[in-house]
Amino acid sequence: MGSSKATGVKIKGIGKYVPEKVATNEDFAKIVETSDEWITQRTGIKKRHITNGEPTYYLGAMAAKEAIEDAGIKAEDIDLIIVATCTPDFYTPSESCLIQREIGAAGSMAIDINCACTGFDYGLDMAKRYLQSDDDVDTVLLVAAEELSKFVDYTDRSSCILFGDGAAAFVLQKQENTLYASYLGADGNGAKFLAARALKPENVFRTNKEDFNMDMPEMKDHYFTQDGKEVYKFATKAMPNAVSKVCEKAGISPEELDAIVPHQANVRIIETAAKNLGVSMDKMVVYIDRYGNTSSASIPIAFCDAVAEGRIKRGDKVCLVGFGGGLTYAAVIFEY
Ligand code: UT7
């Protein structure tokens, strides 16, 4: 198959940040009934970084600063900041405004998006569309920043062992005549399978005492709950399907990709996806053992480590693929 060239993105710079504090599987065995053996075999996770009070925007700003330096630009050059997060610090102001303030990029547009674990793919595609269609936007800062420890229920052993905190960022500019394709989607019918509740609608005038729960599972306040098996089933279908569809759009086959960077949720999901796609696990970039699942930050953190270790090089054809709450799914292909 000959790949088709399109208007796409140039990744000028990348950066990542994870908090210093680390929680190992042994640390979890002290707080819930679990073991290093169970967690390693069922998920591939060995440790994750967890904040010690640092807010989400701080993680994002640290990653953004590294990406800006890597790109060799100044913060004032940024025209648009897109921040993917499902764990913001405030309802308002947005994380993008807080990160803008922190890095000194006042004057840029600033938008938050919440697509859970697929947020970075969605953000990359939004950035590309802004860069392509608007002459005022030459440089985009795309950040994924997550502090999942805010809503993890540390008494639920089936979910608390999965998640970590972290952030990563790309500086993006427009590139003509390059490889680019995206395949994004969602199925809101699966909303109940992965959820963390915001504040309930209480107000002084309320007389209706019925709880508005939208067929969601029983939730403990704002804590995260999931149906692990349903999410697993969805993920093992959605990931290979999204890669196949985006490859079709790009006019290449999955074997022609140099690297696939999947959402880092469970190594068994990634192995099944590789098998269904007929590609070797060598193509799959997996660092779940180091960070656990950091939601929207998991794909770009893995990308940064793969670049640092020489597994992804300039000119490589890369696919970023994710699935997550919503339920959402997304895959993007580009040339690094
Ligand atoms: O970004 C997306 C986020 N969510 C996901 O990606 C979730 C996708 N799902 C999964 O990754 C897996 O379903 C889990 C890792 C959540 C669970 O793995 P599983 O192989 O599906 O285990 P299971 O739910 O079938 O549970 C098997 C057993 C159960 O015990 P019984 O009923 O067989 O006696 C669980 O109670 O394992 C038990 N179990 C644990 N045991 C030790 C569940 N969690 C643990 C634990 N340690 N942490």
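Every heavy atom of this structure was used, including side-chain atoms; hydrogens, water molecules and symmetry mates were not. Just follow the structure's listing: the first ligand is 1, and inside any ligand the first atom is 1.
In terms of protein heavy atoms, atom 8 (C) of ligand 1 is closest to Gly228 O, 3.5 Å. Nearest protein heavy-atom contact of atom 16 (C) of ligand 1 is Ser158 O, 3.6 Å. Annotation: atom 30 (O) of ligand 1 to nearest protein heavy atom, Arg157 NH2, 4.2 Å. Atom 7 (C) of ligand 1 has as its closest protein heavy atom Gln226 OE1, 3.3 Å. Nearest protein neighbour of atom 23 (P) of ligand 1, counting heavy atoms only, is Lys229 NZ, 3.5 Å. Counting only heavy atoms of the protein, atom 18 (O) of ligand 1 lies nearest to Arg268 NH2, 3.6 Å. In this structure, the protein non-hydrogen atom closest to atom 17 (C) of ligand 1 is Trp38 CH2, 4.0 Å.
Note on ligand 1: Asn293 sits in its first shell, one or more heavy atoms being nearer than 4.0 Å. No heavy atom of Ala235 sits closer than 4.0 Å to any atom of ligand 1.
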Side chain to side chain contact (heavy atoms under 4.5 Å, CB included) between Tyr336 and Ile14, intermediate numbers included: CA-CA 11 Å; Tyr336 178 48; Ile14 60 173; 4.0 Å; yes

Pair Phe170-Phe303, ring-ring contact (aromatic ring centres under 6.0 Å, His included): steps then yes or no: CA-CA 10 Å; Phe170 284 7; Phe303 185 91; 5.1 Å; yes

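Heavy atoms of Thr34 found under 4.0 angstrom from ligand 1 belong to the backbone as well as the side chain. Under 4.0 Å from ligand 1, the heavy atoms of Glu33 that appear belong solely to its backbone.
Looking at Lys150 and Glu147, a side-chain N of the basic residue comes within less than 4.0 Å of a carboxylate O on the acidic one, giving a salt bridge. At a threshold of 4.0 Å, the pair Asp27-Lys30 counts as salt-bridged, since one of the basic side-chain nitrogens sits closer than that to a carboxylate oxygen. A salt bridge is defined here as a Lys NZ or Arg NE, NH1 or NH2 lying under 4.0 Å from an Asp or Glu carboxylate O, and Glu335 with Lys5 meets this definition. The pair Lys46-Glu37 does not count as a salt bridge, with every side-chain nitrogen at least 4.0 angstrom from each carboxylate oxygen. A salt bridge is defined here as a Lys NZ or Arg NE, NH1 or NH2 lying under 4.0 Å from an Asp or Glu carboxylate O, and Glu230 with Lys233 meets this definition.
At a distance under 4.0 Å, a protein heavy atom can be found next to atom 48 (N) of ligand 1. In this structure, atom 34 (O) of ligand 1 has its sub-4.0 angstrom surroundings free of protein heavy atoms. Note that atom 37 (O) of ligand 1 has protein non-hydrogen atoms nearby, at separations under 4.0 angstrom.
Which parts of ligand 1 touch Asn266 is read off a 4.0 Å heavy-atom cut-off, strictly below it: atoms 10 (C), 11 (O), 15 (C). For ligand 1, the atoms closer than 4.0 angstrom to any heavy atom of Cys117 are 1 (O). Against a heavy-atom cut-off of under 4.0 Å, Ala265 is close to the following atoms of ligand 1: 6 (O). Atoms of ligand 1 lying under 4.0 Å from at least one heavy atom of Arg42, given by number and element, are 19 (P), 20 (O), 22 (O), 27 (C).
Geometrically, Arg48 does not engage Tyr291 in a cation-pi contact defined by less than 6.0 Å to the ring centre and at most 45° from the axis. Cation-pi geometry between Lys220 and Tyr223 is met: under 6.0 angstrom from the ring centre, within 45 degrees of the axis.
Contacts of Asp77 classified as side chain to side chain contact (heavy atoms under 4.5 Å, CB included), with partners at least two apart in sequence or in another chain: Ile73, Lys74.
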